[in-house]
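Worksheet: one structure, shown below.
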Amino acid sequence: MPKPSLDRGVLLLAQGDDILMSSVTGAADAATASPCTSATRFQIASISKQMAAAAVLLLAGRGALRLTDPVNRWLPHPPPAWSGITLHHLLTHTSGLGHWEDYPMIDLAAPAEPDELLGVFAGLPPLSAPGAAWHYSSPGYVLLARAVERAADRPYAAFLADEVFAPLGMTGSFAGAAAGRDDVATGHEGGRPVPSWDLDTVSMGAGDVWCTGADLLTWLDVPRRGRLLGPAAVAAMTAPHAPTGRPGESYGYGWFVGTLAGERAIHHSGDNGGYKAFAAWFPDSDRRLVVLTNQAEIDPALLQAAVE
């Protein structure tokens, strides 16, 4: 079959330590005609949840927190309705909290005070009891990032920089807003730049990380080679904790666990305004796939075509 193509962004496919496919193409910013390069950082959107999960597991390994801790222990002024929610529930999307569409009063492109944002989440009752159902929840991962900040006693972005990205050699990665940084792709839709979400607050922990293609490929060595985390933590991160309702698919800690293109896969996609992202590890063939683009209209079929 013909190789899949990408109009704007990065596509990497590796097997073992060999790169089978590498494509870096298109404009990082259509307004300036600056090209995408291997150093261009892209929004990875919800793949960022894996970094939040790793941060929680690192702190759990140090005894700074426990996965069974009630979320009330780590958040200021939590509502009584959250009393049964644990960090494990947040990690697996079984907390009962909703996703962004369940909080239409939140403007994802506008700044927000962190405590004010938590107040909005707390203002609506949970959709279900903790552990009773799987419901994808980015707000749940925002709460996890706040828990990391309180347990580590430092800003979430700084914790990721020092404790996650630096040990892995992910020198092109960072969390938070991209203003003032070099080599950052601008999100596009319809060929035009689109405003970015307010990643410092609204999406902290849920969709706030920027990576180069090479860095995201390195990140896949966390489950693949047990880098950064110990065996028990990796096993917990990639275990099928909660069925998602789709055949053969469950959610771990920041990862979907199931099959893609007929092969066992540990994976996640990302979709923020003007960006699409995908990262997967296929344990049986030891293949890793990374797709990063600042083009909203990317054909999702590209993601599986590269590995078929």
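Here, residue 1 is the first one in the sequence, and each next residue gets the next number. Note that these values count all heavy atoms, side chains included, but never hydrogens, waters or copies made by symmetry. Note that the coordinates shown come from a computational prediction; the quantities given were computed from them, not determined experimentally.
- Within the 3.5 Å criterion, the main-chain N or O of Gly98 finds a donor-acceptor partner in the side chain of Ser137.
- With sequence neighbours excluded, the residues satisfying ring-ring contact (aromatic ring centres under 6.0 Å, His included) with Tyr103 are Phe121.
- Listed for the Glu297 side chain is no donor-acceptor partner under 3.5 Å among the backbone atoms of Glu189.
- Around the CZ atom of Arg73, the shell of radius 6.0 Å holds more than 12 heavy atoms that belong to other residues, nucleotides or ligands.
- The closest donor-acceptor contact from the side chain of His241 to the backbone of Ala236 lies under 3.5 Å.
- Put simply, the side chain of Leu289 does not reach to within 4.5 Å of the side chain of Leu260, judged on heavy atoms.
- Between Ser250 and Thr244, the closest heavy-atom pair is C-CG2, 3.8 Å.
- The backbone N or O of Asp29 lies less than 3.5 Å from no partner atom in the side chain of Thr186, so there is not a single donor-acceptor pair.
- For the pair Arg41 and Phe174, the cation does not sit on the ring face, since its NZ or CZ is not both under 6.0 Å from the ring centre and inside 45° of the axis.
- Ring planes of Phe256 and His268: tilted class, angle from 30 to 60°.
- Val257 and Val56 fall into different hydrophobic clusters, where Ile, Leu, Val, Met, Phe, Trp and Tyr are joined by side-chain heavy atoms under 4.5 Å apart, directly or via other members.
- With values rounded to the nearest 0.5 angstrom, Gln295 atom CD is found 10.0 Å from Cys36 atom SG.
- When every heavy atom of Pro283 is checked against every heavy atom of Ile266, the shortest pair comes out as CG-CD1, 4.2 Å.
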Decide yes or no on side chain to side chain contact (heavy atoms under 4.5 Å, CB included) for Met51 and Cys211, but give the supporting numbers first. CA-CA 12 Å; Met51 288 74 173; Cys211 285; 4.3 Å; yes
Check against side chain to side chain contact (heavy atoms under 4.5 Å, CB included), Val164 and Leu58: CA-CA 9 Å; Val164 177; Leu58 282 171; 4.0 Å; yes
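- Distance check, rounded to the nearest 0.5 Å: OG of Ser22 to CG of Leu11 gives 8.5 Å.
- Taking 4.5 Å as the limit, every side-chain heavy atom of Leu124 sits out of range of all side-chain heavy atoms of Asp102.
- Tyr251 and Lys49 share no side-chain donor-acceptor pair at under 3.5 Å.
- Summarising the geometry of Ala296 relative to Lys276, their closest heavy-atom pair is O-NZ, 2.8 Å, with the distance given to 0.1 Å.
- A side-chain hydrogen bond (donor to acceptor under 3.5 Å, both in side chains) with Gln50 is found for exactly one of Trp255, Trp219, Tyr253, namely Trp219.
- At most 12 non-hydrogen atoms from other residues, nucleotides or ligands lie less than 6.0 angstrom from CD of Glu113.
- Hydrophobic clustering (ILVMFWY, side-chain heavy atoms < 4.5 Å, transitive): Leu127 and Met105 are in distinct clusters.
- In this structure, Leu91 and Tyr141 have side chains that are in contact, with non-hydrogen atoms separated by less than 4.5 Å.
- Judged by distance alone, the side chain of Asp200 and the main-chain N or O of Ala177 form a donor-acceptor pair under 3.5 Å.
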Tell me, with the steps shown, if Thr212 and Val10 meet side chain to side chain contact (heavy atoms under 4.5 Å, CB included). CA-CA 8 Å; Thr212 64; Val10 176; over 6 Å; no
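- Note that OG1 of Thr92 and NE2 of His135 are 13.0 Å apart. Values are rounded to the nearest 0.5 Å.
- Closest non-hydrogen pair, Asn294 versus Ala27, comes out as ND2-O, 3.2 Å.
- Residues Phe42 and Val194 are members of separate hydrophobic clusters, defined by side-chain heavy-atom contacts under 4.5 angstrom among Ile, Leu, Val, Met, Phe, Trp and Tyr.
- Nearest approach of Trp210 to Ala185, heavy atoms of both residues: CZ3-O, 3.7 Å.
- Leu90 has its side chain within reach of Ile85: a pair of non-hydrogen atoms, C-beta onward, lies under 4.5 Å apart.
- Comment: Arg146 engages Asp115 in a salt bridge, judged by a side-chain N to carboxylate O separation of less than 4.0 angstrom.
- Within the 4.5 Å cutoff, side-chain heavy atoms of Val291 are placed close to those of Ile298.
- In the displayed structure, Asp153 atom CG is contacted under 6.0 Å by at most 12 heavy atoms of other residues, nucleotides or ligands.
- A salt bridge links Asp221 with Arg288: the closest approach of a Lys/Arg side-chain nitrogen to an acidic carboxylate oxygen falls below 4.0 angstrom.
- Within the 4.5 Å cutoff, the side chain of Pro243 has no heavy atoms near those of the Trp134 side chain.
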Could you go through the side chain to side chain contact (heavy atoms under 4.5 Å, CB included) check for Arg66 and Leu87 one step at a time? CA-CA 8 Å; Arg66 296 178 299 175; Leu87 299 184; over 6 Å; no
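- In this structure, Phe282 has its ring center no closer than 6.0 Å to that of His267.
- Within the model, atoms CG of Leu217 and CE of Met170 stand 10.0 Å from one another, a figure rounded to the nearest 0.5 Å.
- At distances below 3.5 Å, at least one donor-acceptor pair connects side-chain atoms of Asp215 with backbone N or O atoms of Ser173.
- Note that CG of Leu67 and OG1 of Thr86 are 8.0 Å apart. Values are rounded to the nearest 0.5 Å.
- Side-chain atoms of His188 come within 3.5 Å of backbone N or O of Ala30 as a donor-acceptor pair.
- A donor-acceptor pair under 3.5 Å is absent between the side-chain atoms of Thr259 and the main chain of Gly262, judged by distance alone.
- Judged by distance alone, the side chain of Thr293 and the main-chain N or O of Arg8 form a donor-acceptor pair under 3.5 Å.
- Between the side chain of Gln15 and the backbone N or O of Ser285 there is at least one donor-acceptor pair closer than 3.5 Å.
- Scanning all heavy atoms of the two residues, the minimum distance from Leu65 to Ala151 falls at CD2-CB, 3.8 Å.
- Atom CE of Met237 is separated from atom CG of Leu57 by 5.5 Å, given to the nearest 0.5 angstrom.
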